[in-house]
Amino acid sequence: MSKQLPIVVDGGAGECCPPLVREPLSESQAAELARVFKAVGDPVRLRLLSLIASHEGGETCVCELTDTFDLTGPTISHHLKVLRESGLITGERRGTWIYYRVQPEALARLSAVLQPGQTTVVTA
């Protein structure tokens with residue numbers, strides 16, 4: 001079983017770092033966020049995440065993912081493992097298949113750190 005690391009960068013459960021525009025990230029926050037962004041920085045993993053998130057019912061069987069790519073099963077499994085270990089998806093074995101589901105909290109935390117600050121419109 002793989003270790004799933006939560007996207008917790010402030011040291012508290014469920015907490016995340018503030019938006020980048022509010023205060024600078026600490027070294028540990030930056031390292032954790034970089035790991036998660038690296039997971040989605042690969043085109044195959046980004047597509048896998050999108051396929052899982054947009055699938056009807058919010059989950060999909062690995063059997064439905066493998067035919068989408070011109071890659072071997074072990075390669076797809078590797079990419080899914082990276083997404084699992086980054087905390088972006090979870091997997092549940094049902095018989096011989098694994099069903100994957102996106103972790104909405106993880107996506108929300110990534111989104112929160114990228115929220116733009118308040119902008120002031122200056123008119124002349």
Side-chain angles (χ1 to χ4, degrees):
M1 176 155 284
S2 66
K3 327 182 261 190
Q4 181 177 336
L5 302 174
I7 304 173
V8 176
V9 293
D10 254 357
E15 295 176 10
C16 186
C17 45
L20 295 173
V21 298
R22 192 168 60 200
E23 63 185 71
L25 295 173
S26 70
E27 188 175 326
S28 64
Q29 289 172 325
E32 179 63 19
L33 282 170
R35 185 183 64 79
V36 177
F37 281 118
K38 183 177 178 182
V40 294
D42 180 274
V44 171
R45 289 192 288 266
L46 188 56
R47 283 191 63 210
L48 283 167
L49 186 65
S50 176
L51 286 166
I52 295 166
S54 64
H55 198 270
E56 186 177 328
E59 70 177 11
T60 187
C61 177
V62 69
C63 60
E64 298 176 75
L65 298 171
T66 54
D67 292 339
T68 305
F69 299 90
D70 189 25
L71 298 169
T72 65
T75 301
I76 296 295
S77 292
H78 165 74
H79 287 299
L80 290 167
K81 177 183 174 187
V82 171
L83 290 171
R84 265 193 338 268
E85 288 178 345
S86 72
L88 291 167
I89 64 172
T90 60
E92 177 185 337
R93 181 171 292 283
R94 297 181 197 156
T96 59
W97 299 110
I98 299 176
Y99 287 78
Y100 291 98
R101 178 176 293 277
V102 168
Q103 290 291 94
E105 303 84 15
L107 295 181
R109 287 189 294 268
L110 286 178
S111 175
V113 77
L114 295 176
Q115 288 296 316
Q118 295 292 332
T119 57
T120 305
V121 178
V122 179
T123 57

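Between Ile89 atom CD1 and Arg101 atom CZ the span is 12.0 Å, to the nearest 0.5 Å. To the nearest 0.5 angstrom, Ile52 atom CD1 is 9.0 Å from Thr90 atom OG1. In this structure, the separation between CG on Asp42 and CG on Leu48 is 8.5 Å, given to the nearest 0.5 Å. A distance of 11.0 Å separates CD of Gln103 from CG of Leu49, quoted to the nearest 0.5 Å. Atom-to-atom distance recorded for Leu88:CG and Arg109:CZ is 9.0 Å, nearest 0.5 angstrom. Put simply, CG on Leu65 and CG on Leu80 are 6.0 Å apart, with the number rounded to the nearest 0.5 Å.
Take Thr68 and apply the side chain to side chain donor-acceptor pair (under 3.5 Å) test, not counting sequence neighbours, and it matches no residue. For Arg47, the salt bridge (charged side-chain N to carboxylate O under 4.0 Å, His left out) criterion is met by no residue, not counting sequence neighbours. Here Thr96 pairs with nothing under the side chain to side chain donor-acceptor pair (under 3.5 Å) rule; sequence neighbours left out. Every side chain to side chain contact (heavy atoms under 4.5 Å, CB included) that Val82 has, sequence neighbours left out, goes to Ala39, Arg45, His78. By the side chain to side chain contact (heavy atoms under 4.5 Å, CB included) test, His55 pairs with Thr60, Glu64, sequence neighbours left out. Remark: Glu92 pairs with Arg94 by the salt bridge (charged side-chain N to carboxylate O under 4.0 Å, His left out) rule, at least two apart or across chains. With sequence neighbours left out, Thr75 forms a side chain to side chain donor-acceptor pair (under 3.5 Å) with Thr72. By the side chain to side chain contact (heavy atoms under 4.5 Å, CB included) test, Thr66 is found to be paired with Val62, Ile76, residues two or more places apart in sequence or in another chain being considered.
Minimum interatomic distance between Gly91 and Tyr100 (heavy atoms only, all atoms of both residues): CA-CD2, 3.8 Å.
Under the salt bridge (Lys or Arg N to Asp or Glu O under 4.0 Å) criterion, no residue pair touches residues 70-80, with sequence neighbours excluded.
A donor-acceptor pair is defined here as one N or O able to donate and one able to accept, closer than 3.5 Å; such a pair exists between the side chain of Ser77 and the backbone of Gly73.
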